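I have a structure here, written as C-alpha cells, and I will follow up with some questions on it.
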Amino acid sequence: MKSKVRYTIIIPVYNEEDVIRETYRRLTLVMQSLGEPYELLFVNDGSEDRTAEIIEVLAETDDSVRLLNFSRNFGHQIAITAGMDYARGDAIVIIDADLQDPPELIPRMIEKWQEGYEVVYARRVQRKGETLFKKWTASLFYRTLRMMTEVDIPLDTGDFRLIDRKVCDVMHGIREKSRFIRGLISWIGFRQAAIEYIREERFAGKTKYPLKKMLRLAIDGITSFSHKPLKLATYLGLALSLPSFAYLVFSLGLKIFTAGTISGGRWLITLLLLLNGVNFILLGILGEYIGRIYDETKDRPLYILRNKQEAENLLVRRG
C-alpha cells in the first residue's frame, strides 16, 4: 500500500536543545513550500538535555512531527538507521539538526529525484567554521577510503542526502552492527546524483563528533568496505624479510671471505623492537575485524526504543 506521506525528513538528534526549534522552523518553511504531505521524524539518540521535551511540545501542535526515543545513546549512524526503519515517505531525506547542512537544499534534491535518480547526495565544496585540522583530516579520510575500497564512495560527502523508497527498503534489510551509512548506500547502487553546496557553521551548541568519534567512524568505514588492512601483514612481511635476507647474505659473505665481522648487538635490539611494534599493530588490525565478527554473532538489536507502543503506532501508520 502506498504511503500517504510524500516526504520523510529524518533528523537524528543528541543534546540539541539550543538549535532544535530553529531546525524545526526552517525545515517546516521548506517543506510547506512544496505543498505535499510530509513528516519530520526526529530520532532522539539518548539526549541528556531538554531536546526530547522540546520535540514533544512541537509534536503536540504539529501533526507532521514524529519522535523516536532511544533508551540510551546508540550513536549517530544507528539513529539514522532507526529513522529509515520508521520512515513512511516515498522519498526520505537525512539531515543533521545542527543546520550546517541547509534545509533549503532539499527542494533541489527533490528535483533530482523527480528526474529519476534514486539517491541524491550533497557534496561539500566549502566547509565554513571548521579548523584546518578538521578539514585536512576529513579530506584525508575520504581519499584514503576511496583508495582502499572497491566501492565508489563519493568524496567530501556526509549523510545529508535523499534516498528513494526502494533504497530505504533495501537498507532496512541490512542489519550489520558497525554501520557506515553513506558507504552502505553507495554499495547498494541505483541511480545516484550529486548536488554541490557550501557547508555552514553550526547554528548553536557544540559538535557531537569529537576526534574520538571521528576516528571510530573512519575505522568503521574502512573495515566495513575493505580487506586491505588485513593484507598489510603480507606487505610488511615482504618489506622486512627481503632486507633481512640481504643483510644475512652480506654478513655470511663477510664472515667467509674476509676476516671482518659485523657487531650487530644494537642493530639486533632495534630490529626486534621494530618487529614487535609491527606485530602489535597487525594484531590490533586483526582485532578490529574479529571484534566486528563477534558483534555480529551476538545478534543484539541495533537499538532499543524507550516507548515501544509509540514505535508500533508509527509502524502501523507507515502502512
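These figures come from a predicted structure and were not determined experimentally.
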Hydrophobic cluster membership, Val93 vs Leu29, 4.5 Å side-chain cutoff: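 No, separate clusters.
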Side chain to side chain, Glu115 and Val120, heavy atoms closer than 4.5 Å: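 Heavy-atom side-chain distance check fails, nothing below 4.5 Å.
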Straight-line distance of Ile55 CD1 to Thr23 OG1, nearest 0.5 Å: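 Reported value, rounded in 0.5 Å steps: 9.0 Å.
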Asp90 bridged to Arg165 by N-O distance under 4.0 Å: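 A salt bridge is absent here (no side-chain N lies under 4.0 Å from a carboxylate O).
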Show which side-chain atoms of residues 57-64 pair as donor or acceptor with protein atoms under 3.5 Å away, not counting sequence neighbours.
residue: Thr61; atom: OG1; partner: Leu58; partner atom: O; Å: 3.2
residue: Asp62; atom: OD1; partner: Ser64; partner atom: N; Å: 2.9
residue: Asp62; atom: OD1; partner: Ser64; partner atom: OG; Å: 2.7
residue: Asp62; atom: OD2; partner: Tyr24; partner atom: OH; Å: 2.6
residue: Asp62; atom: OD2; partner: Ser64; partner atom: OG; Å: 3.1

Flag side-chain contact, heavy atom, 4.5 Å: Tyr14 against Asp96: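 Result no, sub-4.5 Å side-chain heavy-atom pair not found.
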Leu68 side, atom CG; Tyr86 side, atom OH - distance, nearest 0.5 Å: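 If we round to the nearest 0.5 Å, Leu68:CG and Tyr86:OH are 6.5 Å apart.
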Face-on cation placement of Arg72 at Phe74 ring, 6.0 Å and 45° thresholds: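 Yes, Arg72 lies over the aromatic ring of Phe74.
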For the student: nearest non-hydrogen atoms of Pro102 and Phe160, plus distance: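 Answer, listing the atom of Pro102 first, then Phe160: O-CZ, 3.7 Å.
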Gap separating the CD1 atom of Ile80 from the CD1 atom of Ile11, nearest 0.5 angstrom: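 Output value for this atom pair is 11.5 Å.
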Glu39 side chain vs Arg88 backbone, donor-acceptor pair below 3.5 Å: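 It does hold such a pair.
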Within-4.5 Å side-chain heavy-atom neighbours: Ile163 and Met84: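 They are in contact (side-chain heavy atoms under 4.5 Å apart), so the answer is yes.
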Partners meeting side-chain contact (heavy atoms from CB on, under 4.5 Å) with Ala91 (sequence neighbours left out):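 Ala91 satisfies side-chain contact (heavy atoms from CB on, under 4.5 Å) with Tyr7, Trp113, Leu162 once adjacent residues are dropped.
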Under 3.5 Å: donor-acceptor pair, side chain of Ser71, backbone of Leu305: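 Not a single qualifying donor-acceptor pair exists.
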Please tabulate, one pair per line, all N/O donor-acceptor pairs under 3.5 Å involving side-chain atoms of residues 189-196, not counting sequence neighbours.
residue: Gln192; atom: NE2; partner: Ile185; partner atom: O; Å: 3.1
residue: Gln192; atom: NE2; partner: Gly189; partner atom: O; Å: 2.8

Heavy-atom side-chain contact between Arg182 and Arg161 under 4.5 Å: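 When only atoms from C-beta onward are counted, Arg161 and Arg182 do touch, with a gap below 4.5 Å.
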Pair Asp159, Gln77: side-chain N/O donor-acceptor within cut-off below 3.5 Å: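 Yes, Gln77 and Asp159 have a side-chain donor paired with an acceptor closer than 3.5 Å.
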Leu27 side chain reached by Ile106 side chain, heavy atoms, under 4.5 Å: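 A side-chain contact exists here, since the closest heavy-atom pair is under 4.5 Å.
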Asn15 side chain vs Glu48 backbone, donor-acceptor pair below 3.5 Å: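 Yes, the answer is positive, given that a donor and an acceptor are paired below the 3.5 Å cut-off.
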Distance-only donor-acceptor check, side chains Asp45 and Tyr303, under 3.5 Å: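 Short answer, no.
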Test item: Met171 and Ile181 side chains (from C-beta on) under 4.5 Å apart, heavy atoms: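 Yes, close enough: below the 4.5 Å cut-off.
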Salt bridge flag under 4.0 Å for residues Arg25 and Glu22: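 Yes, charged N to carboxylate O under 4.0 Å.
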Beyond-backbone contact of Glu104 with Arg26, side-chain heavy atoms, under 4.5 angstrom: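 Side chain of Glu104 against side chain of Arg26, heavy atoms only: contact under 4.5 Å found.
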Side-chain touch Ile188/Val119, heavy atoms, less than 4.5 angstrom: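 Answer no - side chains too far apart.
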